Novice: 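The structure follows.
Nothing fancy with the numbering, it's 1 onward along the sequence. This is a predicted model, so every value here is computed, not measured. Indexing begins at 1, ligand by ligand and atom by atom, following the structure's order.
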Amino acid sequence: MSLIKTAADITAMREAGRLAADVLKFIEPHIRVGISTLELDRLAHAYMTEVQGVIPAPLNYHGFPKSICTSVNHVVCHGIPTEKKLLKQGDIINVDITVIKDGYHGDTSKMFLVGDCSVLARRLCKVAQECLYLGIAQVRPGAHLGDIGHAIQTHAEAQRFSVVRDYCGHGIGLGFHEEPQVLHYGRPGTGMELQPGMIFTIEPMINAGSYHTRLLADDWTVVTRDHQLSAQWEHMLLVTESGVEVLTPRTEEDFSFLENAA
Ligand code: MF3
Ligand code: CO
Ligand code: CO
């Protein structure tokens, strides 16, 4: 669909975003030592379909077999829920939720810490969230996509972490993955200029080691080539007349740091 959403599109996307964020709140208390990622998928699937009345977008998307993505430790993204993956003390897990409500997509993800995690794991998750927030802080009419990537890359690399190159954020609406591609690295002032009415995700994947990835034989699971930890946080953003609106906020989040927020 068009890069510039209508007022009716925006109203529907705000609702889709809220519903996706609500699934992350729903799943939070279930993230415990011993639960399988398949059980998390079952719980989220039932909540989405039976409580919210939405469609889980990942299910059958280009053949993806489950309703959510669960990416543990060195898995970068697109982890497939399985009964064989039981969460254990010290794991970090990204849960990525995409719902379809009235045809419109809401897409968001966050990291969860399972029990006591290493100093490195906690720092990686925190820095990856800061990278997302620094990217969001760049969003306003007249800014360029490269400003977002630059802000993320600068922070990640200052912490001696790396930014995954092989996957990116994306426009979103009636389609799951629309134009433009939103790179999480880049140079200020380069790339598409932002205009009011654009909706896209920012979803940096930050690695403890090198940025290189490998795709497993299941054709979905993306892992770090060096098997070091990876962390990702995702929000869906609207470019407003004055700055940005986060379409997938959770109540635990404080966006008062955003000077460009609605
Ligand atoms: N939700 C992911 C994103 O942020 C895409 C998952 S595609 C799937 O773009 F097929 F793996 F679900
Ligand atoms: Co996304
Ligand atoms: Co997502």
Side-chain angles (χ1 to χ4, degrees), residues 1 3 5 13 16-27 37-38 40-42 44-45 48-49 54-72 75-82 85 93-101 104-112 125 128-129 131-132 135-136 139 145 148-149 152 163-184 198-206 213-223 230-239 246-250:
M1 71 187 286
L3 282 174
K5 269 57 179 177
M13 289 296 284
R18 184 187 66 75
L19 288 159
D22 283 352
V23 181
L24 289 177
K25 290 311 293 179
F26 162 77
I27 209 69
T37 53
L38 184 65
L40 295 175
D41 178 77
R42 282 201 203 98
H45 179 93
M48 288 187 271
T49 58
V54 300
I55 298 169
L59 189 58
N60 302 318
Y61 178 76
H62 294 285
F64 191 80
K66 298 293 173 192
S67 296
I68 66 174
C69 296
T70 50
S71 302
V72 179
V75 178
V76 174
C77 63
H78 304 166
I80 302 172
T82 165
K85 188 71 201 175
I93 177 174
N94 173 280
V95 177
D96 194 336
I97 302 294
T98 312
V99 306
I100 307 173
K101 168 70 173 175
Y104 291 87
H105 290 73
D107 188 9
T108 185
S109 81
K110 65 167 284 189
M111 298 302 299
F112 297 95
C125 291
Q129 186 179 31
C131 283
L132 170 59
I136 294 172
V139 177
L145 285 176
I148 299 170
I152 292 168
V163 177
V164 169
R165 305 293 201 268
D166 298 334
Y167 301 88
C168 57
H170 50 93
I172 184 166
L174 292 172
F176 193 161
H177 295 105
E178 301 183 352
E179 290 295 301
Q181 297 195 50
V182 181
L183 304 184
H184 303 114
M198 290 179 173
I199 296 180
F200 54 83
T201 71
I202 302 177
E203 48 183 298
M205 286 143 275
I206 306 299
T213 70
R214 192 162 64 82
L215 183 64
L216 296 190
D218 61 22
D219 265 350
W220 279 107
T221 310
V222 178
V223 299
S230 186
Q232 177 178 32
W233 298 72
E234 174 174 25
H235 271 310
M236 200 168 73
L237 296 319
L238 166 68
V239 183
V246 181
L247 298 177
T248 43
R250 299 180 303 280

Novice: Give, for atom CD1 of I199 and atom CD1 of I172, the distance between the pair rounded to the nearest 0.5 Å.
Specialist: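 That separation rounds to 8.5 Å.
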Novice: Hey, which atoms in ligand 1 end up nearer than 4.0 Å to a heavy atom of H177?
Specialist: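 Counting atoms of ligand 1 from 1, those under 4.0 Å from H177 are 3 (C), 5 (C), 9 (O).
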Novice: What do you reckon, does Y61 have a nitrogen or oxygen under 3.5 Å from a nitrogen or oxygen of ligand 1?
Specialist: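 No - when backbone and side-chain N and O of Y61 are compared with those of ligand 1, no distance drops under 3.5 Å.
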Novice: Any idea which of V222, T201, D96 brings a heavy atom closest to atom 2 (C) of ligand 1?
Specialist: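 Looking at heavy atoms only, the winner is D96.
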Novice: Would Y167 count as a contact residue for ligand 1, given that I'm defining contact as a non-hydrogen atom of the residue lying under 4.0 Å from a ligand atom?
Specialist: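 Under 4.0 Å: no for Y167.
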Novice: Which of the atoms in ligand 1, numbered in the order shown and given with their element, are less than 4.0 Å from a heavy-atom of F64?
Specialist: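 Per the distance check, 8 (C), 10 (F), 11 (F), 12 (F).
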Novice: Just heavy atoms, cut-off under 4.0 Å: does S109 contact ligand 1 by side chain, backbone, both, or neither?
Specialist: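 Neither part.
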Novice: Evaluate the ring planes of H177 and Y61, with Trp represented by its six-membered ring, and classify them as parallel (under 30°), tilted (30 to 60°) or perpendicular (over 60°).
Specialist: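 Taking Y61 first and then H177, their aromatic rings sit tilted (interplane angle of 30° to 60°).
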Novice: Which of the atoms of ligand 1 are close to T98, meaning less than 4.0 Å from one of its heavy atoms?
Specialist: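 So the answer, numbered in order with elements, is 1 (N).
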Novice: Does G173 offer a backbone N or O that forms a donor-acceptor pair with the side chain of H105 under 3.5 Å?
Specialist: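 Present.
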Novice: Would L24 and R250 count as a side chain to side chain contact (heavy atoms under 4.5 Å, CB included) if you check the C-alpha gap in whole Å, the side-chain angles of each, and the deciding distance to 0.1 Å?
Specialist: CA-CA 8 Å; L24 289 177; R250 299 180 303 280; 4.0 Å; yes
Novice: Would you check, one step at a time, whether the test side chain to side chain contact (heavy atoms under 4.5 Å, CB included) holds for I206 with W233?
Specialist: CA-CA 9 Å; I206 306 299; W233 298 72; over 6 Å; no
Novice: Evaluate the ring planes of F176 and H170, with Trp represented by its six-membered ring, and classify them as parallel (under 30°), tilted (30 to 60°) or perpendicular (over 60°).
Specialist: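 Rings of F176 and H170: perpendicular, over 60°.
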Novice: Once rounded to the nearest 0.5 Å, what's the spacing between atom CD of E203 and atom CE of M236?
Specialist: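 Between atom CD of E203 and atom CE of M236 there are 11.5 Å.
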Novice: One pair to check against side chain to side chain contact (heavy atoms under 4.5 Å, CB included): Y104 and L174. What are the steps and the verdict?
Specialist: CA-CA 5 Å; Y104 291 87; L174 292 172; 3.8 Å; yes
Novice: Side chain to side chain donor-acceptor pair (under 3.5 Å) between D166 and T213: does it pass, once the steps are laid out?
Specialist: CA-CA 7 Å; D166 298 334; T213 70; 2.6 Å; yes
Novice: Could you tell me which atoms of ligand 1, counted from 1 in the order shown, lie closer than 4.0 angstrom to a heavy atom of P58?
Specialist: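 Those atoms are 12 (F).
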Novice: Taking only heavy atoms of E203 into account, list the atoms of ligand 1 that are under 4.0 Å away from them.
Specialist: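 Result: 3 (C), 4 (O), 9 (O).
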Novice: Below 2.8 Å, any N, O or S contact between H177 and the Co ion (ligand 2)?
Specialist: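 Checking the Co ion (ligand 2) against H177, no N, O or S atom falls under 2.8 Å.
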Novice: Consider every N or O of H78 and every N or O of ligand 1, then say whether any pair is closer than 3.5 Å.
Specialist: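 Not met; the criterion fails.
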Novice: I'd like the atom name of the N/O/S atom in E203 lying closest to the Co ion (ligand 2).
Specialist: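 Distance check against the Co ion (ligand 2) picks out OE2 in E203.
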Novice: To the nearest 0.5 Å, tell me how far I202 CD1 sits from H184 NE2.
Specialist: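 It is 6.5 Å, given to the nearest 0.5 Å.
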Novice: Closer than 4.0 Å to some heavy atom of E234 - which atoms of ligand 1 meet that?
Specialist: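 Counting from 1, the qualifying ligand atoms are 4 (O).
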Novice: Examine the proximity of ligand 1 to H170 and report which part, side chain or backbone, both or neither, has a heavy atom under 4.0 Å away.
Specialist: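 For H170, the contact with ligand 1 is made by the side chain alone.
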Novice: Relative to the Co ion (ligand 2), which of the N, O or S atoms in D107 is the closest?
Specialist: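 In D107, the heteroatom (N, O or S) nearest the Co ion (ligand 2) is OD2.
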Novice: So which N/O/S atom does E234 have closest to the Co ion (ligand 2)?
Specialist: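 The closest N, O or S atom of E234 to the Co ion (ligand 2) is OE2.
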Novice: Are the side chain of S71 and the backbone of G79 linked by a donor-acceptor contact shorter than 3.5 Å?
Specialist: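 Answer holds: yes.
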Novice: Looking at ligand 1, would H62 count as a contact under a 4.0 Å heavy-atom criterion?
Specialist: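 No, H62 has no heavy atoms under 4.0 Å from ligand 1.
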Novice: N/O/S atom of D96 under 2.8 Å from the Co ion (ligand 3), yes or no?
Specialist: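 Checking the Co ion (ligand 3) against D96, an N, O or S atom does fall under 2.8 Å.
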